[in-house]
Amino acid sequence: MTESPTRAAVLPAEPTQASRFGKARTAQSGALLEDYVELISDLLTDAGEARPTDIARRLGVAHATVIKTIGRLKREGLAVAKPYRGVFLTEAGESLAARVRARHRVVVDLLLAVGVPFEAAESDAEGIEHHVSDVTLAAFARFLAGA
């Protein structure tokens with residue numbers, strides 16, 4: 001008796017699979033900037049400033065890495081840096097931070113709703129929030145609204 005392959009075992013068409021992997025690479029590239037703007041926004045709200053040393057400590061990366069990424073944020077029009085005053089978000093940066101924060105909250109709430117413990121939900125949401133599509137995120141929100 002021959003078993004039919006499961007859904008997961010069937011390879012999708014090449015263009016479909018390439019599109020999926022491309023989406024994942026794009027999300028991964030944007031995830032770094034999203035994490036930075038979200039943290040900068042949180043630091044500005046909490047402490048009134050976002051210094052590169054504080055960002056480095058909170059992200060667990062080297063100071064040089066933060067300086068390099070701040071440069072990228074500036075080139076993308078998401079942040080400005082003032083000598084001896086830290087990093088500030090532009091209007092576009094604040095808008096992105098708000099969207100990322102909202103996505104994070106929906107993902108955490110969904111994970112909590114299906115029984116994931118709080119710490120695991122917060123940790124797992126850090127990865128999921130950058131990769132989930134708007135369609136899936138909207139489905140999460142509808143599910144939560146009905147739960």
> Step by step, would you call Leu73 with Ile40 a side-chain contact (heavy atoms from CB on, under 4.5 Å)?
Replying inline: CA-CA 11 Å; Leu73 290 171; Ile40 291 167; 3.8 Å; yes
>> Could you go through Arg72 and Arg75, starting from their C-alpha distance and side-chain angles, then the distance that decides it, and tell me whether this counts as side-chain contact (heavy atoms from CB on, under 4.5 Å)?
In response: CA-CA 5 Å; Arg72 185 172 166 206; Arg75 285 190 303 279; 3.6 Å; yes
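- Closest heavy-atom contact between Gly93 and Val37: O-CB, 4.0 Å.
- The two residues Leu112 and Val116 come nearest to each other via the heavy atoms CD2-O, 3.4 Å.
- Nearest heavy-atom pair across Glu38 and His104 is OE2-CB, 4.3 Å.
- With respect to the salt-bridge test (charged N to carboxylate O, under 4.0 angstrom), the residues Arg103 and Asp134 qualify.
- Nearest heavy atoms, Ile70 versus Ala81: CG2-CB, 4.3 Å.
- The CD1 atom of Ile55 lies 12.0 Å from the CG atom of Asp35; values are rounded to the nearest 0.5 Å.
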> Can you check side-chain contact (heavy atoms from CB on, under 4.5 Å) on Val108 and Asp124, steps first, answer last?
Replying inline: CA-CA 8 Å; Val108 168; Asp124 292 345; over 6 Å; no
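- Annotation: the span from Thr53 atom OG1 to His63 atom NE2 amounts to 6.0 Å, rounded to 0.5 Å.
- Sorted by first and then second residue, the salt bridge (Lys or Arg N to Asp or Glu O under 4.0 Å) pairs involving residues 90-99 (not counting sequence neighbours) form an empty list.
- Between Pro52 and Gly86 the shortest heavy-atom distance is CD-CA, 4.4 Å.
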>> Pair Asp109, Phe140 - check side-chain contact (heavy atoms from CB on, under 4.5 Å), show working.
In response: CA-CA 9 Å; Asp109 289 348; Phe140 288 176; over 6 Å; no
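- In this structure a side-chain-to-backbone donor-acceptor pair under 3.5 Å is missing from Ser123 to Glu119.
- A pairwise comparison of heavy atoms in Leu111 and Ala121 identifies CD1-O, 3.6 Å as the closest pair.
- Cluster annotation: Val114 and Val106 are assigned to the same hydrophobic cluster (Ile/Leu/Val/Met/Phe/Trp/Tyr, side-chain heavy-atom contacts under 4.5 Å, transitive).
- Atom CG in Leu96 sits 6.0 Å away from atom CG in Leu78 (nearest 0.5 Å).
- More than 12 heavy atoms of other residues, nucleotides or ligands sit less than 6.0 Å from atom CZ of Arg105.
- Taken together through direct or relayed side-chain contacts under 4.5 Å among Ile, Leu, Val, Met, Phe, Trp and Tyr, Ile67 and Leu44 form parts of separate hydrophobic clusters.
- For the residue pair His130/Glu34, the side-chain donor-acceptor check at 3.5 Å is satisfied.
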